[in-house]
Amino acid sequence: MTDRWRPPSTPSVAVRLDDVVRIEGGRILAVLAATTGDLQLAEDSVQDAAITALEVWPQTGVPTDPSAWLYVAARRKALDVLRRDSNRPRHEQRSTTLAGQLQRDPPPDSRIRDDVLRLIFTCCHPSLDLEHRVALALRTLCGLSTAEVARALLVSEATMAKRLVRTKQKIVRAAIPYGIPGDEELPGRIAAVCAVVHLVYTAGHHATGAEVVRTDLCDEGLRLVGLVDELLPGDAMVEALLALLLLTDARRPARLEADGSLVPLPEQDRSLWDRSKIDRGVALLNRSLARSGNVADPYQLQAAIAACHSTAESHASTDWPEIVRLYGILADVHPNPVVDLNAAIAIGEVDGGRCPRPARTSRSARTFAPVARRARRDAASDGRPAGGSGGVRGRRGCGADGAGTSPPRRSAAGMRRAR
Amino acid sequence: MPLYAAFTFTPDLDWTAPEQSATMAEYGRFGEDHGHQIRGGQVLFPSSTATVVRVKGGRGGDVVTSDGPYAETKEVLSGFYLLECADLDEAVKVASEIPATWDGAVEVRPVIPL
């Protein structure tokens, strides 16, 4: 496959290159951005390299190591630009330093992984506007074109192009570092990353354009959270977010009618739900809860609610009191109107709505355990975790790997007991 | 190294008044802790001492002066520091120790290198 000649515009070349550029391009971009400190330069270089590849590969065949080839080409482009800029003294020094730093060969894998993580933290820096962070993440971390990002976030391409330029300018001008934050700042910075990834997914899950679900954005959200989880293994918040997205995404196949309209949760065909995603989600949620010492964050709570739905045999047999209880805690930890609405719907499902609404605790009671103690008697809230509008019918299927796959209620019980 | 201006926005107080001495001592402590990063800065008299200058019609036009800040706000510009830091994260860290952040805010802006 590697040395075979491919005629210029066959789809196979385009697809192959597209794959390589999407997967490797992001990594190469991260290395160049971290080395040069110039995201725009890195982006332009990777794009130029991709265009060159599309011209050259059809003649020469796809190289044995396409990503190394792309790296070398992108590096050359970057050096060209740096040398062209070197008429100013400051730049000359900079380009000489950079030329030395931009190794002839692609850097080792460990270095690439660190650079990707650096780029993630940079693109999701809290000093950037949240919407701009989302746009930048889609452009740089997901490798979408400016036009695709514009379409995804429902703004014109010109507006998006301007927004991306300004965001990248801020990174350069304010010297937002390409760095992995220290232990002290790390939790806050991880939260900023999670917020961006969550928004990417929800932009797809609750799309506002012509399509009610944007599969591409859902996939990007999942891919990003997977990447972050891989690079920051063992982080409770990242695991909870991954669990939430998996549990939500598991229902995607049942959410749409053939005509593209949404199927309410009670009417979804639960046999279409993706069991393996549900199992992974539940296992991850339990692991995350164990890690956080049973003090739940909003992602864990939302994931627990999603797990209640996903593991219920049917809409009727859903554990609504537990869902109401979880919404009650969520409303304390993360008050917002959507949570209130969902809580109200869930309360309606419990015992014909006779169940009392959970009282709010003070915001200071942010930890899960104290809130959880008042628990069971609180009733319920609605359950439209990420997406459906109601009920479910399905098999109980938690547990691919024994240990970590008990239904979340057990963890919730653990949380109640804690402290 | 990049240079940042850290503008302090605080309640509109007279920092020379004796009752501000405890707060000013906190600023003094901040100055000692971060002397190696501070490249300049000043504290301002209250906004009631301000004069706003505009030239109507651009260069050469009529000079129009008026008193005070533009609008009644709880927090006013009360001073600034020039901070030399490796990057924004360091600048934010230093800025977070400026006493103005306790009852007001600090705006960190990169300075154009000239």
Side-chain angles (χ1 to χ4, degrees), chain A residues 33-40 85-95 97-98 101 114-115 117-130 132-133 136 165-193, chain B residues 1-10 26-27 29-42 44 71 73-114:
Chain A
T35 312
T36 63
D38 188 338
L39 188 52
Q40 189 65 60
D85 277 355
S86 69
N87 32 17
R88 278 178 291 175
R90 227 178 102 245
H91 280 81
E92 189 171 4
Q93 194 197 349
R94 186 167 155 250
S95 71
T97 319
L98 290 175
Q101 283 165 348
D114 283 354
D115 282 349
L117 192 54
R118 285 187 184 99
L119 185 60
I120 290 173
F121 279 119
T122 306
C123 293
C124 302
H125 198 281
S127 79
L128 299 171
D129 178 274
L130 182 58
H132 296 186
R133 276 185 250 163
L136 190 61
V165 165
R166 243 180 266 137
T167 309
K168 281 177 271 192
Q169 243 172 17
K170 179 165 181 183
I171 293 175
V172 174
R173 290 178 164 175
I176 292 176
Y178 289 89
I180 296 164
D183 290 348
E184 211 177 296
E185 292 116 67
L186 197 59
R189 296 290 302 278
I190 290 175
V193 171
Chain B
M1 280 230 280
L3 203 56
Y4 298 88
F7 299 103
T8 60
F9 291 86
T10 64
E26 295 284 8
Y27 277 93
R29 194 170 313 152
F30 170 78
E32 279 167 29
D33 289 349
H34 294 284
H36 58 292
Q37 289 146 323
I38 296 171
R39 293 287 167 274
Q42 301 293 340
L44 308 177
T73 47
K74 222 173 78 201
E75 288 159 6
V76 299
L77 178 65
S78 57
F80 67 92
Y81 288 98
L82 279 176
L83 303 171
E84 191 175 6
C85 297
D87 55 41
L88 182 67
D89 283 356
E90 185 186 326
V92 168
K93 210 169 171 186
V94 176
S96 72
E97 291 174 43
I98 299 176
T101 54
W102 305 338
D103 60 347
V106 171
E107 179 179 330
V108 175
R109 293 264 288 272
V111 173
I112 298 175
L114 289 174

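All heavy atoms count here, side chains included; hydrogens, waters and symmetry mates do not. From a predicted model like this one, the values you see are computed outputs, not experimental measurements. Numbers restart at 1 for each chain; the letters A, B, ... are given by sequence-line order, proteins then strands.
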Least distance between heavy atoms, P177(A) atom then D87(B) atom: CB-OD2, 3.3 Å

Flag yes if more than 12 heavy atoms outside R173(A) fall under 6.0 Å of its CZ atom; otherwise flag no. no

Can you name the closest pair of heavy atoms from A175(A) and Y4(B) and give their distance? CB-OH, 3.1 Å

Options V108(B), V111(B), L88(B), I112(B), ranked by heavy-atom pairs under 4.5 Å with chain A, top entry: L88(B)

As a quick check of understanding, evaluate side chain to side chain contact (heavy atoms under 4.5 Å, CB included) for S127(A) and V92(B), giving each step before the final call. CA-CA 10 Å; S127(A) 79; V92(B) 168; 6.0 Å; no

Any chance you could measure K93(B), atom NZ, to E184(A), atom CD, to the nearest 0.5 Å? 4.5 Å

